[in-house]
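Remarks on the structure that follows.
Scope of the values below: all heavy atoms of this structure, side chains included, with no hydrogens, waters or symmetry mates. Along the sequence shown, residues are numbered consecutively beginning with 1.
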Amino acid sequence: MYYRRMGTIPHKRHTMFKKDDGSLYREQVMGTKGFSGTQSILYHHHLPTAVSEASYGGSYLPEFEEEGTLRHRHFFTDAIEKKGDALNAREYLLGNSDLLIGTASVKDAMSDFYRNGDGDEMLFIHYGAGKVDTMFGTLPYVKGDYIVIPIGTIHRIIPEEETKILIVESFSQITTPRRYRNEYGQLLEHSPFCERDITGPEVLESRDEKGEYRVLTKSRGSIHVHVLDHHPLDVVGWDGYLYPWKFNIEDFEPITGRVHQPPPVHQTFEGHNFVVCSFVPRLYDYHPEAIPAPYNHSNVNSDELLYYVEGNFMSRKGIKRGSITLHPSGIPHGPHPGTTEASIGKKETLELAVMIDTFRPLKIVKKAKDVEDTAYMYTWV
């Protein structure tokens, strides 16, 4: 990320920053990797450490299936009935020691505040509109937005209309792909998007209010309840490289070629042991004998998960809006019978999908079987 600043900050860091009454604003250095990663400095009305009560809320980690037959899997996430606010509506479906993947159908605003102390979160807005109110300021969201919320960021999600979210809870920092950045961190010309497409918080509204405010903190695999004696969003100014940001999938510029391009050209983000890719409407290959459908391939070192957003995904049959497919490492997968031949001569695709490749095997959450298409493994026959 690049440097940003919002609100009012002193001329020099770690110096006195006084209010009109002569008392001090409270400085907070918030950074990653000790003091060697990205960081920002925030200035609060009140001490961010002022907790009046702390209690244990229990584990949030899902229960996974026992290891079974290696097979391709298909889940209908629109069949999940659980709704609520953006935390309580979460339904995990897959995960491993690097990340958790799930969806949420969000109808209600969060009454409590929330921060993930175990890692970054990426929220893909399938549909809906609203805002993410954070200690760094407010990010409005619309359909197609990827929202990246850094570890430790206090926030709450307030929908203006029902919102469907694909959620990645990462136990590492989520960044843009390294190969698209130069030695100074700037996105290069061959990148499918640039800094102009990335938006940080738009408005910083500082709340100087006393009272009891609950912050639900995820850390060490559990939820912890911290009651503050002041409003958590009391920041008057901040600057640095660590802050929430968003990027809309419609601003991803697809890379095409004479023959079928491999999935890495669709890469959008990366974390430790996983990548996130965007499949967007694009022209097909222009070699006169090109086959637009993907070739059969084996994920030798990675599991491949696809979340289907909209459009006709030309290599798959029986897929619905909101479907998730998992093609695990160890066995090959590819287009369904007949789709290769049907793709020949096609000029473009209007598909929209998010792909997550993980370099450790994904485990299936037990509850996921309630929305599974158990016949999917045999749809190539």
Side-chain angles (χ1 to χ4, degrees), residues 56-66 73-96 99-133 141-147 149 155-171 214-219 221-225 276 305-310 318-326 353-354 356 358 362-374 376:
Y56 178 70
S59 173
Y60 71 85
L61 298 176
E63 188 176 357
F64 294 109
E65 292 178 348
E66 295 294 329
R73 311 289 291 266
H74 177 205
F75 306 98
F76 298 112
T77 69
D78 279 357
I80 298 172
E81 296 183 359
K82 188 176 183 181
K83 298 181 186 297
D85 66 32
L87 188 58
N88 292 317
R90 294 186 183 201
E91 196 69 79
Y92 297 116
L93 297 166
L94 309 100
N96 60 26
L99 76 171
L100 293 171
I101 301 168
T103 61
S105 294
V106 181
K107 295 186 68 176
D108 306 322
M110 295 173 66
S111 55
D112 294 326
F113 293 87
Y114 166 65
R115 62 183 158 201
N116 192 327
D118 280 335
D120 287 5
E121 294 196 358
M122 186 205 79
L123 312 178
F124 174 75
I125 308 299
H126 187 161
Y127 55 81
K131 66 179 181 178
V132 184
D133 210 3
Y141 68 78
V142 296
K143 171 184 174 182
D145 277 341
Y146 288 106
I147 304 168
I149 303 175
H155 67 281
R156 60 181 174 183
I157 296 172
I158 303 173
E160 296 172 357
E161 56 189 54
E162 185 169 346
T163 300
K164 175 73 176 293
I165 308 176
L166 170 68
I167 299 167
V168 174
E169 294 185 16
S170 169
F171 297 110
R214 283 168 37 111
V215 178
L216 306 181
T217 302
K218 280 184 177 175
S219 186
S222 296
I223 292 284
H224 308 267
V225 181
V276 178
L305 178 149
L306 268 168
Y307 178 82
Y308 299 84
V309 180
E310 60 186 40
I319 298 300
K320 296 183 178 181
R321 188 175 186 239
S323 282
I324 283 179
T325 58
L326 173 67
V354 176
I356 303 168
T358 66
L362 283 167
K363 300 175 183 179
I364 311 298
V365 176
K366 283 187 174 181
K367 285 185 177 180
K369 70 177 184 300
D370 297 337
V371 294
E372 183 172 9
D373 170 14
T374 56
Y376 182 68

When rounded to the nearest 0.5 angstrom, what is the spacing between [atom1] in [X] and [atom2] in [Y]?
{"X": "Tyr60", "Y": "Leu216", "atom1": "OH", "atom2": "CG", "value": "13.0 Å"}
{"X": "Leu94", "Y": "Arg73", "atom1": "CG", "atom2": "CZ", "value": "8.5 Å"}
{"X": "Arg115", "Y": "Thr217", "atom1": "CZ", "atom2": "OG1", "value": "3.5 Å"}
{"X": "Asp118", "Y": "Ser170", "atom1": "CG", "atom2": "OG", "value": "10.5 Å"}
{"X": "Ile158", "Y": "Tyr141", "atom1": "CD1", "atom2": "OH", "value": "9.0 Å"}
{"X": "Glu169", "Y": "Leu100", "atom1": "CD", "atom2": "CG", "value": "5.5 Å"}

Might you point out which heavy atoms bring [X] and [Y] nearest each other, and give the distance in Å?
{"X": "Ala89", "Y": "Gly84", "value": "CB-N, 3.6 Å"}
{"X": "Ser59", "Y": "Gly221", "value": "OG-O, 3.4 Å"}
{"X": "Ile319", "Y": "Tyr308", "value": "CG2-CG, 3.4 Å"}
{"X": "Gly119", "Y": "Asn116", "value": "N-OD1, 3.3 Å"}
{"X": "Lys82", "Y": "Asn88", "value": "CE-O, 2.7 Å"}
{"X": "Val106", "Y": "Pro159", "value": "CG1-CG, 3.8 Å"}

Do the side chains of [X] and [Y] get close enough for a salt bridge, i.e. N-O under 4.0 angstrom?
{"X": "Lys366", "Y": "Glu65", "value": "no"}
{"X": "Lys107", "Y": "Asp85", "value": "no"}
{"X": "Glu372", "Y": "Lys367", "value": "no"}
{"X": "Lys320", "Y": "Glu310", "value": "no"}
{"X": "Glu121", "Y": "Arg90", "value": "yes"}

Do [X] and [Y] have side chains that get closer than 4.5 Å, going by heavy atoms?
{"X": "Lys131", "Y": "Ile157", "answer": "no"}
{"X": "Val142", "Y": "Ile125", "answer": "no"}
{"X": "Tyr114", "Y": "His155", "answer": "yes"}
{"X": "Asp112", "Y": "Val215", "answer": "no"}
{"X": "Leu306", "Y": "Val354", "answer": "no"}
{"X": "Leu93", "Y": "Thr77", "answer": "yes"}
{"X": "Phe76", "Y": "Ser323", "answer": "yes"}
{"X": "Val365", "Y": "Glu63", "answer": "no"}

**Study point:** Tyr56 and His224 aromatic centres sub-6.0 Å
**Key:**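 Between His224 and Tyr56, which both carry aromatic rings, the centre distance is below 6.0 Å.
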Check your understanding: side chain to side chain contact (heavy atoms under 4.5 Å, CB included) between Leu61 and Tyr92: does it pass, once the steps are laid out?
Key -> CA-CA 9 Å; Leu61 298 176; Tyr92 297 116; over 6 Å; no
Exercise for review: Using the test side-chain hydrogen bond (donor to acceptor under 3.5 Å, both in side chains), find all partners of Tyr376 that sit at least two apart in sequence or belong to another chain.
Suggested key: Arg316, His327
**Study point:** No-hydrogen, no-angle side-chain donor-acceptor test under 3.5 Å, Thr374 and Lys369
**Key:** no
Exercise for review: Evaluate side chain to side chain contact (heavy atoms under 4.5 Å, CB included) for Phe113 paired with Asp133, printing each intermediate quantity in order.
Suggested key: CA-CA 9 Å; Phe113 293 87; Asp133 210 3; 5.8 Å; no
Point to revise | Test applied, side chain to side chain contact (heavy atoms under 4.5 Å, CB included); reference residue, Thr103; option that passes from Ile167, Asp78, Ile80 | key: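 The residue from Ile167, Asp78, Ile80 that satisfies side chain to side chain contact (heavy atoms under 4.5 Å, CB included) with Thr103 turns out to be Ile80.
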Practice item. Under the side chain to side chain contact (heavy atoms under 4.5 Å, CB included) rule, what do Leu123 and Tyr146 come out as? Steps first, then yes or no, please. Key: CA-CA 6 Å; Leu123 312 178; Tyr146 288 106; over 6 Å; no
Exercise for review: Applying salt bridge (charged side-chain N to carboxylate O under 4.0 Å, His left out), run through Asp108 and Lys83 and close with a yes or a no.
Suggested key: CA-CA 8 Å; Asp108 306 322; Lys83 298 181 186 297; over 6 Å; no
Practice item. Mind running side chain to side chain contact (heavy atoms under 4.5 Å, CB included) on Ile149 and Asp120 for me, showing each step along the way? Key: CA-CA 6 Å; Ile149 303 175; Asp120 287 5; over 6 Å; no
Review point. If you draw a 6.0 Å radius around NZ in Lys218, do more than 12 non-hydrogen atoms from other residues or ligands fall strictly inside?
Key: yes
**Study point:** NZ or CZ of Lys143 within 45° of Tyr127 ring axis and under 6.0 Å
**Key:**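 So Lys143 doesn't make the cation-pi contact.
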Exercise for review: Spell out, as yes or no, whether a donor-acceptor pair under 3.5 Å connects the side chain of Ser111 to the backbone of Ala109.
Suggested key: no
Exercise for review: If the plane angle is over 60° it's perpendicular, under 30° parallel, otherwise tilted; pick one for Tyr307 and His126.
Suggested key: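 If you compare the ring of Tyr307 with that of His126, the planes turn out perpendicular.
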